[in-house]
> 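What follows is a structure written as structure tokens; I'll ask about it next.
Letters A, B, ... mirror the listed sequences (proteins, then strands); counts begin at 1.
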Number of protein chains: 2
Amino acid sequence: MELWFSENQTKDQKISVRVLEVLYSGKSNYQEIAVYKTAQYGTLLALDDIIQTNEKDEFIYHEMITHVALNTHVNPERVLVIGGGDGGAIREVLKHKSVKKATLAEIDDKVVEVSKKFLPSISCGLEDKRADIQICDGIKYIQEHRNEFDVIIVDSTDPIGPAVGLFSGQFYKMVYDALKDDGIFVAQTESPFYNVDLIKNIHRDLKELFPIVRLYLATVPTYPGGLWTFTLGSKIYDPLNVKSFEDIDTKYYSPEIHNSAFVLPPFVKNIINAR
Amino acid sequence: MELWFSENQTKDQKISVRVLEVLYSGKSNYQEIAVYKTAQYGTLLALDDIIQTNEKDEFIYHEMITHVALNTHVNPERVLVIGGGDGGAIREVLKHKSVKKATLAEIDDKVVEVSKKFLPSISCGLEDKRADIQICDGIKYIQEHRNEFDVIIVDSTDPIGPAVGLFSGQFYKMVYDALKDDGIFVAQTESPFYNVDLIKNIHRDLKELFPIVRLYLATVPTYPGGLWTFTLGSKIYDPLNVKSFEDIDTKYYSPEIHNSAFVLPPFVKNIINAR
């Protein structure tokens with residue numbers, strides 16, 4: 001018998017990976033959670049049947065959603081990650097020595113619990129004494145904090161289900177207010193092939209708040225189409241003008257990749273430049 | 001009833017696309033050929049059940065396998081494409097005004113025939129009067145030509161079946177000899193996730209022949225893992241030092257992408273630097 005996990009990446013496209021063992025399968029208050037041992041990607045976490053992370057390619061997404069903003073800020077001390085219950089973003093954030101406290105605001109405690117149990121190489125950052133784990137609605141959390149964070153990272157699921165509010169203009173206003181006067185916001189903003197309108201809207205909404213808004217790219221094999229966008233909003237610091245990079249151990253990110261990630265193919269440039 | 005085409009991208013991973021109509025299915029002397037009308041990618045060509053090209057994302061691969069080398073050469077007049085029977089590489093090559101003759105050496109006439117019939121937006125370059133279509137074994141063709149080409153492009157299928165000889169050290173020696181004294185070679189060289197040893201071997205083999213050997217990247221949604229490598233060998237011109245770019249109409253390639261494509265994530269750098 002062959003066991004395969006399939007994700008409907010779009011209504012017309014699927015990715016399937018061979019499953020060696022179902023390590024966990026259950027329903028939390030927010031979503032279906034499954035952990036598979038796969039032949040291709042090692043242990044893999046799926047939420048509502050969408051691949052979130054896996055041992056093999058997680059380094060790409062987690063390095064790219066964190067180090068670009070963390071190196072753009074000259075002295076990031078207080079960092080907030082909304083979502084990201086697997087702990088991968090926190091692990092990367094804590095590689096920066098300047099960081100004094102990294103708060104995780106994750107709505108679903110079951111994601112944190114399952115990640116700690118089955119994905120220790122990803123969730124290990126959550127055990128750090130500088131990690132502050134808050135199980136809460138990220139939107140509520142951010143409303144209660146003003147002028148507090150140097151960097152806010154939204155490491156969310158797709159804009160359906162629990163994460164839908166994390167892609168709205170109102171939410172970005174709260175993020176802006178929760179950031180200090182030189183703060184930086186960054187979010188995963190989906191695929192330039194399949195989510196063109198979403199990327200365009202996020203860019204427009206952030207442009208109304210932040211003087212510097214930039215889109216950058218990385219390729220994640222297990223995400224639809226591979227090519228993935230991140231959008232960064234900054235009050236002062238420009239990611240294209242970073243003077244000094246912290247020396248951190250990475251497999252995808254580097255100072256050269258930091259800069260080249262902002263070089264957009266014309267078809268991607270058109271998404272954010274079109275009116 | 002739902003119709004899906006599935007490709008085994010590796011033995012542990014599949015991609016599936018919804019098929020609206022099977023436009024062609026047959027067996028040539030070399031391979032199984034299928035053309036599907038798909039919901040996600042428009043018309044799609046598969047050889048031996050491996051996606052080769054499709055109307056939606058073909059621009060990425062075809063622009064990136066051609067313009068990097070064509071712009072690196074100061075005056076490319078004679079260009080040879082080995083494989084590439086769909087015509088997409090020839091179409092891009094012919095966007096360069098300096099090109100006087102672009103030869104296609106494709107082993108399988110059925111691929112050319114089917115592409116002309118079902119993929120006119122890709123194969124259109126084959127109708128150009130500067131296009132010279134040779135149905136022949138690319139290895140034999142290249143043995144019969146010395147010191148003739150400015151640029152040789154190997155636009156092959158994966159290194160199994162008819163294309164296996166196009167990934168060997170002996171073949172690269174023939175390519176070297178078929179190039180002029182300032183000639184440039186470029187080939188698609190598979191995935192940095194799934195074909196590590198292959199990429200390493202190609203790099204080593206080319207280093208024994210060409211003074212300048214460089215790996216570059218592009219992301220093609222329908223190829224395994226998305227991230228794709230190309231390897232370029234050059235006798236004189238360095239792709240990192242292009243002084244003037246021809247003004248051509250492209251959707252993925254640009255002078256900035258030309259340069260950033262050579263910026264490799266550390267895990268890719270390690271593939272070609274490791275001994």
> Taking every heavy-atom pair that is under 4.5 Å apart, which of A/Gly226, A/Pro221, A/Ser254, A/Pro224 has the most such pairs with chain B?
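When all of A/Gly226, A/Pro221, A/Ser254, A/Pro224 are compared, A/Pro221 has the most.
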
> Does any backbone or side-chain atom of B/Phe193 lie under 4.5 Å from a heavy atom of chain A? Answer side chain, backbone, both or neither.
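When you check distances to chain A, only side chain atoms of B/Phe193 fall under 4.5 Å.
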
> Output yes when a side-chain donor or acceptor of A/Thr219 lies under 3.5 Å from a complementary backbone atom of B/Thr219, and no otherwise.
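No, the answer is negative, given that no donor and acceptor are paired below the 3.5 Å cut-off.
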
> Chain A heavy atoms under 4.5 Å from B/Tyr194: which part of the residue, side chain, backbone, both or neither?
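For B/Tyr194, side-chain heavy atoms alone lie under 4.5 Å from chain A.
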
> Do the side chain of B/Ser123 and the main chain of B/Ser115 share a donor and acceptor less than 3.5 angstrom apart?
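Side chain of B/Ser123 to backbone of B/Ser115, a donor-acceptor pair under 3.5 Å: yes, one is there.
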
> If only atom types and distance count, is the side chain of A/Arg214 paired as donor or acceptor with the main-chain N or O of A/Phe230 below 3.5 Å?
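Absent.
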
> Would you say A/His67 and A/Glu63 are linked by a side-chain donor-acceptor pair, where the criterion is simply a distance under 3.5 Å?
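There is no such pair (donor and acceptor under 3.5 Å, judged by atom type) between the side chains of A/Glu63 and A/His67.
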
> Would the A/Tyr24 and A/Tyr36 ring centres measure less than 6.0 Å apart?
no

> With chain A, which of B/Lys56, B/Lys269, B/Gln9, B/Lys11 has the greatest number of heavy-atom pairs at distances under 4.5 Å?
B/Lys11

> If we define contacts as heavy-atom pairs under 4.5 Å, which of B/Val17, B/Leu264, B/Val263 has the most with chain A?
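If we count pairs closer than 4.5 Å to chain A, B/Val263 comes out on top.
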
> Given a strict heavy-atom distance threshold of 4.5 Å, which part of B/Phe59 is in contact with chain A: side chain, backbone, both, or neither?
side chain

